[in-house]
Engineer: 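Encoded as C-alpha cells, here's the structure I'll be asking about.
If you read the sequence from its start, that first residue is 1, and numbering goes on from there. Keep in mind that what you see is a predicted model, and the values were worked out from it rather than measured.
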Amino acid sequence: METPRPVVSRRPFCCTLKCFVKFLRLVVTVTSMIFFIVGQAPEPYIVITGFEVTVIFCFLVLYTCGLDKIMRSFFWPLLDVINSMVTALCMLIVSVLALIPETSTKTILGGQGPHRTDLALP
C-alpha cells in the first residue's frame, strides 16, 4: 500500500511577507521620486529614483508571474540582496547630495574659498 504524499500548499506571492516588503519599498521609492519632481530637483536625482522604481516593479512582476521558478539559472535571493544594496547605496548618495545647498558646491569640491582680490584680472 502506498503512503500518500503530503500536499505542499504554496501561497501565492501576493500573500507573502516578501511581497509586502517589496511593495513597501516600491511605495517609498515612488514617494521619493514624487518629492524630487515636486521640489524641482536636478534631473539625475529623478532619473536614479525612476530607475529604482522600474527595477523594483520588474522584480514584483517577475515574482508575481512565477518567472523565478521558470528561470532557474539565476540565484534570485542573491540578486535581491545585490539589488537592495545597490538601491540603498544609490539612494544614500542621492539623499546626501540633495541636502547639499547649491551655494556650497564650490566649497565642497575644493573650488573658490574666500574671494581673493589679488588674483583678479584687470
Engineer: Can you measure from CD1 (Ile82) to CG (Leu78) and round to the nearest 0.5 angstrom?
Structural biologist: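 The CG atom of Leu78 is 4.0 Å from CD1 of Ile82, to the nearest 0.5 Å.
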Engineer: Tell me whether the guanidinium CZ or amine NZ of Lys22 lies under 6.0 angstrom from the six-membered ring centre of Tyr63 and within 45° of its axis.
Structural biologist: no
Engineer: Please report the interatomic distance OG1(Thr29) to CG(Leu24), rounded to the nearest 0.5 Å.
Structural biologist: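 So the OG1 of Thr29 and the CG of Leu24 are separated by 9.5 Å.
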Engineer: OG1/Thr64 to CZ/Phe23 distance, rounded to the nearest 0.5 angstrom?
Structural biologist: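 Here the rounded value is 10.5 Å.
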Engineer: Quick check on the hydrophobic clustering: are Val53 and Leu79 connected, directly or via other members, by side-chain heavy-atom contacts under 4.5 Å?
Structural biologist: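 Yes; tracing contacts between hydrophobic side chains, which count when under 4.5 Å, links both residues.
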Engineer: Just checking Met85: does its CE atom have more than 12 heavy atoms from other residues, nucleotides or ligands closer to it than 6.0 angstrom?
Structural biologist: no
Engineer: Can you check side-chain contact (heavy atoms from CB on, under 4.5 Å) on Val55 and Thr87, steps first, answer last?
Structural biologist: CA-CA 9 Å; Val55 169; Thr87 300; 5.8 Å; no
Engineer: Any link between Phe51 and Leu60 through a network of hydrophobic side chains (Ile, Leu, Val, Met, Phe, Trp, Tyr) touching at under 4.5 Å?
Structural biologist: yes
Engineer: Which atom names give the shortest non-hydrogen contact between Ser84 and Arg25, and what distance separates them?
Structural biologist: OG-NH1, 3.3 Å
Engineer: Could you tell me the separation between the CG atom of Leu62 and the CG atom of Asp80, rounded to the nearest 0.5 Å?
Structural biologist: 9.0 Å
Engineer: Hey, quick one: are Ile48 and Ile93 part of the same hydrophobic cluster, counting side-chain heavy atoms closer than 4.5 Å, chains of contacts allowed?
Structural biologist: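 Yes, same cluster.
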Engineer: Hey, what do you get for CD1 (Ile46) to CD1 (Ile34), rounding to the nearest 0.5 Å?
Structural biologist: 11.5 Å
Engineer: Is there a side-chain contact (heavy atoms from CB on, under 4.5 Å) between Val30 and Glu52 once you walk through the steps?
Structural biologist: CA-CA 9 Å; Val30 167; Glu52 296 301 331; over 6 Å; no
